[in-house]
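Written below as structure tokens is the structure these notes are about.
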Amino acid sequence: MQQKVRFQIEGMTCQACASRIEKVLNKKDFVESAGVNFASEEAQVVFDDSQTSAADIAKIIEKTGYGAKEKTEDALPQPETEHHIGWRLWLLFAINVPFLIGMTGMMIGRHDWMIPPVWQFALASVVQLWLAVPFYKSAWASIKGGLANMDVLVTIGTVSIYLYSVYMLFFSPHAAHGMAHVYFEAGVMVIGFVSLGKFLEHRTKKSSLNSLGLLLKLTPTQVNVQRDGEWWQLPIDQVQIGDLIRANHGERIAADGIIESGSGWADESHLTGESNPEEKKAGGKVLAGALMTEGSVVYRATQLGSQTLLGDMMNALSEAQGSKAPIARVADKAAAVFVPTVVGIALLTFIVTWLIKGDWTVALMHAVAVLVIACPCALGLATPAAIMVGMGKAVKHGIWFKDAAAMEEAAHVDAVVLDKTGTLTEGKPQVAAVYCVPDSGFDEDALYRIAAAVEQNAAHPLARAIISAAQARGLDIPAAQDAQTVVGAGITAEVEGVGLVKAGKAEFAELTLPKFSDGVWDIASIVAVSVDNKPIGAFALADALKADTAEAIGRLKKHGIDVYIMSGDNQGTVEYVAKQLGIAHAFGNMSPRDKAAEVQKLKAAGKTVAMVGDGINDAPALAAANVSFAMKGGADVAEHTASATLMQHSVNQLADALLVSQATLKNIKQNLFFAFFYNILGIPLAALGFLNPVIAGAAMAASSVSVLSNALRLKRVKIE
């Protein structure tokens with residue numbers, strides 16, 4: 001049986017490390033797929049648990065030279081600790097200061113500002129023989145694992161500079177005359193700049209890029225809990241299911257629960273993306289993380305921690321941010337050959353420069369600059385950094401993507417297929433007209449009672465409307481047995497004292513409706529009823545458009561996205577709704593198979609199709625689409641099949657999802673362009689001597705930070 005497991009990876013320094021782990025894991029017969037995300041430092045592995053275990057997978061990762069800790073779904077993601085500059089980096093800064101002053105002096109002709117060579121040697125030795133040890137360990141682990149990473153380049157470059165300078169200072173013929181040319185400052189400052197770049201990169205990845213930290217802050221650490229009739233303030237980890245918890249004005253809800261007493265308004269925008277607070281009163285639900293903007297409530301905890309909707313979202317976001325988008329393959333392929341290629345270019349630079357200049361000192365500096373300027377980190381961060389920010393932005397809008405691939409595919413969508421009921425409309429139809437077949441022996445009340453008896457076994461909005469109408473009339477609804485759903489047609493059941501009842505489409509109940517003067521029958525959804533295969537009547541149910549539907553359709557069309565309505569309702573109803581919204585493509589009387597077939601036709605015509613639905617009958621079309629969106633709270637099979645979940649039942653959220661995806665893909669392409677352009681420009685400049693190793697080291701550190709900063713711009717992008 002296949003099992004999916006996630007690991008937090010420790011020790012990766014660039015994309016080459018991630019590629020190495022992927023390569024090792026994907027070679028194993030028992031591994032179905034493995035992906036490693038450098039930005040989130042996470043691995044996701046699908047494997048056959050009959051052949052191996054998660055612990056064995058972790059050991060395989062550890063053998064490649066990296067740490068692996070399994071991440072479980074039961075626990076919430078843990079908050080990141082503060083990322084402070086450690087003593088090692090502070091010491092590196094202190095040692096860099098005299099070299100920086102000396103280099104500044106040389107640039108303005110004051111060579112006396114540089115400290116004496118022997119002091120340079122002493123400080124450089126502290127750096128190269130002690131503070132640079134983490135670089136050596138990482139480089140050795142990488143080489144031992146069969147793939148060279150960024151630290152290999154830094155190690156080769158700085159050790160070469162150090163050994164050359166030691167030779168020139170103590171063993172060169174010029175040393176005795178005090179004329180030796182040493183470059184200790186280059187090695188020291190390269191280590192300093194690269195270490196600073198790594199720190200900034202790590203801090204950005206763990207804090208600014210990831211939205212989980214903000215979500216974790218939504219859960220209070222202390223809550224008011226009733227125990228033995230008294231109220232106590234307890235840590236959140238001591239709360240148990242069934243406890244009564246009080247939330248006052250300005251406080252956060254600690255758990256999903258049911259309100260026992262009190263009332264107020266709660267802001268649940270962290271989950272739904274809806275900025276308007278929801279009214280809360282006795283019997284209603286509250287969700288973990290919601291902010292009480294007014295009033296006070298006492299609620300009974302029904303779900304805690306990872307089992308709450310907030311916890312589920314956090315785990316889903318963590319998994320989605322750790323997944324890889326298909327476009328990341330570009331960087332993966334480049335990283336796989338990057339370091340060996342750079343070493344080859346550096347060696348060639350050394351040989352050619354020595355032959356042309358006749359000075360092996362100059363040749364060495366050029367070669368080291370090539371080694372140091374090259375940065376596979378920027379390539380590795382280009383895609384996952386943007387995905388992490390984009391995912392967080394989507395969640396703020398109430399959109400949960402299952403993985404990065406779904407988000408990337410959503411960016412290409414140029415055709416949207418929408419169901420009608422519950423998607424474009426309120427999904428709360430009401431009985432607008434009733435028809436009883438003459439001489440059938442059943443009046444309106446009997447029609448309501450019989451239909452409601454059968455529809456109690458259905459979850460469709462039309463069924464709920466008929467049941468509500470029957471209850472409003474004060475009718476007793478008889479029991480129904482052996483209910484069976486005929487997908488796309490209706491439902492049957494044995495009703496006590498009546499017989500076999502069918503409720504659904506007119507043809508399903510074998511009813512031919514007469515021509516009505518009341519126009520509502522032309523635009524309404526029809527539920528016909530028969531007893532023992534003899535039609536007895538029908539209901540016309542009308543459903544109002546959602547308030548923001550017209551605006552959402554306008555946004556989609558503004559961005560060049562074609563809109564299609566595909567519904568099981570009759571063609572007249574669908575066309576009426578389409579005309580109201582200005583939609584040119586409207587299809588009614590469609591079965592689940594019909595919807596899926598039409599989606600396939602659109603794809604065959606070259607369209608990238610997004611399907612939106614919330615019912616069981618939408619599942620085949622959701623599966624057939626390039627990318628699919630289910631409404632939260634709809635049928636489980638729809639949510640399971642869909643690529644993403646919309647927390648609000650709103651097409652506006654679909655527009656948000658597509659536009660966030662487009663902005664994210666655009667950002668990824670910008671990052672990849674910058675990463676490739678940086679190396680395409682930087683390596684030749686270094687080879688030709690226009691960049692010394694120190695400047696190259698600073699540029700290398702800046703490249704990763706620049707990519708991360710560009711990804712963070714996504715947080716400020718307006719979605720219109």
Between atom [atom1] of [X] and atom [atom2] of [Y], what is the distance when rounded to the nearest 0.5 Å?
X	Y	atom1	atom2	result
Thr302	Lys285	OG1	NZ	8.0 Å
Ile719	Asn652	CD1	CG	12.5 Å
Thr425	Leu418	OG1	CG	11.0 Å
Leu712	Met388	CG	CE	10.0 Å
Ile450	Ile536	CD1	CD1	4.0 Å
Lys420	Ile583	NZ	CD1	12.0 Å

[X] versus [Y], closest heavy-atom pair with distance:
X	Y	answer
Tyr435	Leu447	O-CD2, 3.6 Å
Ala586	Ala578	CB-CB, 3.6 Å
Ile466	Ala452	CG2-N, 4.1 Å
Phe629	Ala642	C-CB, 4.0 Å
Leu581	Ile553	O-CG2, 3.8 Å
Ile477	Ile467	CD1-CG2, 4.5 Å

Ignoring hydrogens and geometry, is there a side-chain-to-backbone donor-acceptor pair from [X] to [Y] under 3.5 Å?
X	Y	result
Asp594	Ser591	yes
Thr549	Leu424	yes
Asp256	Leu309	yes
Thr308	Ala255	no
Gln653	Gly398	yes
Lys393	Val717	yes
Gln571	Gly588	yes
His559	Ile561	no
Ser628	Ala625	no
Lys603	Ala624	yes

Identified side chain to side chain contact (heavy atoms under 4.5 Å, CB included) counterpart of Tyr564 within the set Val417, Val599, Val416
Val417

Quick one: are [X] and [Y] in side-chain contact, heavy atoms under 4.5 Å?
X	Y	result
Lys402	Ser643	no
Met391	Ile387	yes
Val563	His585	no
Asp656	Arg555	yes
Leu462	Phe539	no
His412	Leu665	yes
Ile399	Leu646	yes
Leu556	Leu658	yes

Hey, could you give me each pair passing salt bridge (Lys or Arg N to Asp or Glu O under 4.0 Å) that has a residue in residues 455-481? Not counting sequence neighbours.
Glu444-Arg473, Asp445-Arg473

Can you pull the salt bridge (Lys or Arg N to Asp or Glu O under 4.0 Å) pairs that have at least one residue in residues 403-417, sequence neighbours excluded?
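Sorted result for residues 403-417: empty, none.
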
More than 12 heavy atoms of other groups within 6.0 Å of [X] [atom1]:
X	atom1	answer
Phe587	CZ	yes
Gln430	CD	no
Glu496	CD	no
His249	NE2	no

Using side chain to side chain contact (heavy atoms under 4.5 Å, CB included), reason through Glu278 and Leu287 one step at a time and then give a plain yes or no.
CA-CA 11 Å; Glu278 292 279 336; Leu287 300 174; over 6 Å; no

Whether the Asn667 and Thr664 side chains hold a donor-acceptor pair (N or O, under 3.5 Å, no angle test) is what I'd like checked.
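Their side chains do not contain a donor-acceptor pair, so the 3.5 Å distance test is not met.
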
After noting the C-alpha distance and the side-chain angles of Lys595 and Asp419, does the key distance pass the side chain to side chain contact (heavy atoms under 4.5 Å, CB included) rule?
CA-CA 9 Å; Lys595 290 183 183 180; Asp419 183 36; 3.3 Å; yes

Apply the test side chain to side chain contact (heavy atoms under 4.5 Å, CB included) to residues Met407 and Val660: give CA-CA distance (whole Å), side-chain angles for both, the deciding distance (0.1 Å), then the verdict.
CA-CA 9 Å; Met407 174 172 262; Val660 167; 4.1 Å; yes

From CA spacing to verdict: side chain to side chain contact (heavy atoms under 4.5 Å, CB included), Val529, Lys502
CA-CA 6 Å; Val529 183; Lys502 291 183 178 179; over 6 Å; no

Test: Lys280 and Glu268 ion pair at under 4.0 Å
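Counted as a salt bridge, because a side-chain N and a carboxylate O are separated by less than 4.0 Å.
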
